[in-house]
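Down below is the structure, laid out as structure tokens.
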Number of protein chains: 2
Amino acid sequence: MPVNEAAGGKSAYHHGDLRKALLDAAEEELAEKGVEGFTLRGCAKRAGVSHAAPAHHFRDANALLSELASEGFTRFSAAMRSRQASVANDPRAALVGAGLGYIDFARANPALFRLMFSSYRTNFDREPLHSSANVAFGILVESITSTIGRNPMDDLAGMQHVAAAWSMAHGLADLLLSNKMPFLAAVAEQDVEAFLAGIITRAVPSDF
Amino acid sequence: MPVNEAAGGKSAYHHGDLRKALLDAAEEELAEKGVEGFTLRGCAKRAGVSHAAPAHHFRDANALLSELASEGFTRFSAAMRSRQASVANDPRAALVGAGLGYIDFARANPALFRLMFSSYRTNFDREPLHSSANVAFGILVESITSTIGRNPMDDLAGMQHVAAAWSMAHGLADLLLSNKMPFLAAVAEQDVEAFLAGIITRAVPSDF
DNA sequence: ACATTTATTTTTACGGTGTAAAGATTGTAG
DNA sequence: CTACAATCTTTACACCGTAAAAATAAATGT
């Protein structure tokens with residue numbers, strides 16, 4: 001019997017590691033064609049297998065996309081943490097850093113970001129997407145915890161901070177991605193970061 | 001020659017007014033199946049015509065959806081104005097009202113809202129979508145103009161207000177629609193409006 | 001009034017999609 | 001070396017959007 005334990009230790013049969021190859025192909029396909037243009041057959045072609053081959057590794061196209069979204073959330077969390085690391089040891093600055101990382105990721109991986117928040121082709125009730133998305137959410141909660149000095153999920157005022165910070169970063173990312181704010185072209189390249197940071201900062205006022 | 005002038009004065013041939021019937025059918029189809037599940041053939045069936053009939057009234061499926069999105073933006077603007085009308089004569093309150101109207105509409109018409117901001121099936125370069133979307137944007141700009149006492153599009157600080165207010169309302173609407181904030185179930189029904197208003201208010205600080 | 005033209009709709013057809021089922025192929029176990 | 005099980009391919013089916021041709025009905029010109 002082949003080595004086929006759950007945690008990705010799939011051994012090589014005909015292709016080598018088709019599961020991994022399909023995930024790579026899916027990310028290419030997604031980046032090139034977008035969430036709406038994504039096709040499972042295109043993935044299979046990229047991986048050099050027949051169009052029905054993926055069926056044995058993923059229940060259906062959405063299961064493949066859900067797993068890709070999960071990888072996305074892991075990298076998404078890394079993007080936020082990376083921004084936070086490059087910032088002074090100030091809770092508010094760390095919160096804004098998370099927001100900038102949020103937007104960094106969205107701009108660097110537009111189609112993947114869309115997939116992660118489309119919630120039509122993805123299933124957040126199954127692993128590993130459920131966990132990886134929760135980790136990302138945890139970064140937000142943690143940042144707000146440091147800022148206000150308590151767990152924000154314990155009361156309404158705290159949840160309001162969470163909702164505000166998340167909405168601001170997410171709305172900004174989503175509108176930037178769909179080119180709804182062409183007037184921002186007026187912002188010089190070196191000023192963009194401060195411009196965005198100034199917006200994110202508003203979400204959690206200093207007099208909470 | 002039939003009465004077929006541009007402005008919707010299409011007269012009745014076989015069906016009566018298939019163009020209008022298709023738009024109505026499309027809204028039903030959209031509401032029931034969502035943006036991703038929408039099919040042109042399903043629309044045609046709802047309107048009681050063959051699957052190829054829409055071709056003579058709309059270039060393709062995206063053209064039909066673009067026109068539907070345009071109607072959506074018109075109602076969207078009305079939702080914002082309606083909220084503004086039911087508010088004291090205070091510029092800041094009017095701005096928050098627009099944001100609440102934004103969210104009202106999104107929650108009342110989730111699939112249509114998604115379509116309007118998906119920008120994949122819709123073409124904002126063509127009329128009437130171009131204009132109706134601009135009218136909606138104008139409400140935002142106008143609200144901020146009243147609040148800060150000048151045209152916000154004239155300088156970076158003003159554009160920052162626009163981007164912040166829009167991002168906050170939009171992010172909130174988008175995350176609510178995709179059920180990303182289940183913890184908000186803890187907010188009692190009669191407190192929801194104040195909760196959301198409190199968040200929107202943060203986007204444009206009082207000391208600008 | 002009647003033939004002609006034009007607008008509208010249906011029928012037919014084609015390439016593309018996801019996925020289910022059956023057949024072929026290949027690594028592993030006994 | 002045989003049998004089995006995992007993997008992949010082939011085939012098939014029901015959808016989809018849309019183009020082209022055929023059919024139908026309204027409007028027009030004489």
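By convention in this document, chain letters (A, B, ...) are assigned in the order of the sequence lines, proteins followed by strands, and residues within each chain are numbered from 1.
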State plainly whether the residues A/Glu29 and A/Lys45 are in salt-bridge range, i.e. N to O under 4.0 Å.
no

Going by heavy atoms in the side chains, are B/Phe73 and B/Val135 under 4.5 Å from each other?
no

Go through the N and O atoms of the side chain of A/Arg59 and the base of C/dT19, and report whether any donor-acceptor pair is under 3.5 Å.
no

Distance check needed: D/dT9 C1' versus A/Leu22 CG, whole Å only.
14 Å

Any heavy-atom pair between the side chains of B/Val187 and A/Leu156 that's under 4.5 Å?
yes

Here the distance between atom C1' of D/dA6 and atom CZ of A/Arg19, to the nearest Å, is 15 Å

Taken to the nearest whole Å, CZ/A/Phe58 to C1'/D/dA6 is 16 Å

Presence of donor-acceptor pair under 3.5 Å, side chain of A/Arg41 and base of C/dG16:
no

How long is the line joining CG of A/Asp17 and C1' of D/dA6, in whole Å?
14 Å

Calculate the interatomic distance between B/His57 atom NE2 and D/dT18 atom P; express it in whole Å.
16 Å

Base, sugar-phosphate or nothing for A/Ala55? Non-hydrogen atoms, less than 4.0 Å.
nothing

Considering only side-chain heavy atoms of B/Leu40, which listed nucleotide, C/dT9, D/dG17, C/dG18, is closest?
D/dG17

Nearest to the side chain of A/Asp60, which nucleotide is it out of C/dT9, C/dT19, D/dC8?
C/dT19

Side chain of A/Ala52: nearest nucleotide among D/dT10, C/dT9, D/dG17?
D/dT10

Whether the side chain of A/His51 and the base of D/dT11 hold a donor-acceptor pair under 3.5 Å is what I'd like checked.
yes

A side-chain contact here means heavy atoms from C-beta on lying under 4.5 Å apart; do A/Glu27 and A/Leu23 qualify?
no

To the nearest angstrom, how far is A/Lys45 atom NZ from C/dG15 atom C1'?
12 Å

Figure out the CG/C1' separation between A/Leu18 and D/dA6, and round it to whole Å.
13 Å

Check the distance between C/dG16's C1' and A/Phe38's CZ and give it to me in whole angstrom.
15 Å

Under 4.0 Å from OP1 or OP2 of C/dT11: is there any side-chain N or O of B/Ser50 that close?
no

Which of C/dT19, C/dT17, C/dT9 is nearest the side chain of A/Ala61? It is C/dT19

Considering only C/dT8, C/dT19, C/dT10, which nucleotide approaches the side chain of B/His56 most closely?
C/dT8

With salt bridge (charged side-chain N to carboxylate O under 4.0 Å, His left out) as the criterion, how do B/Arg150 and B/Asp154 come out once you've worked through the C-alpha distance, each side chain's angles and the decisive distance to 0.1 Å?
CA-CA 8 Å; B/Arg150 67 175 195 281; B/Asp154 286 348; over 6 Å; no

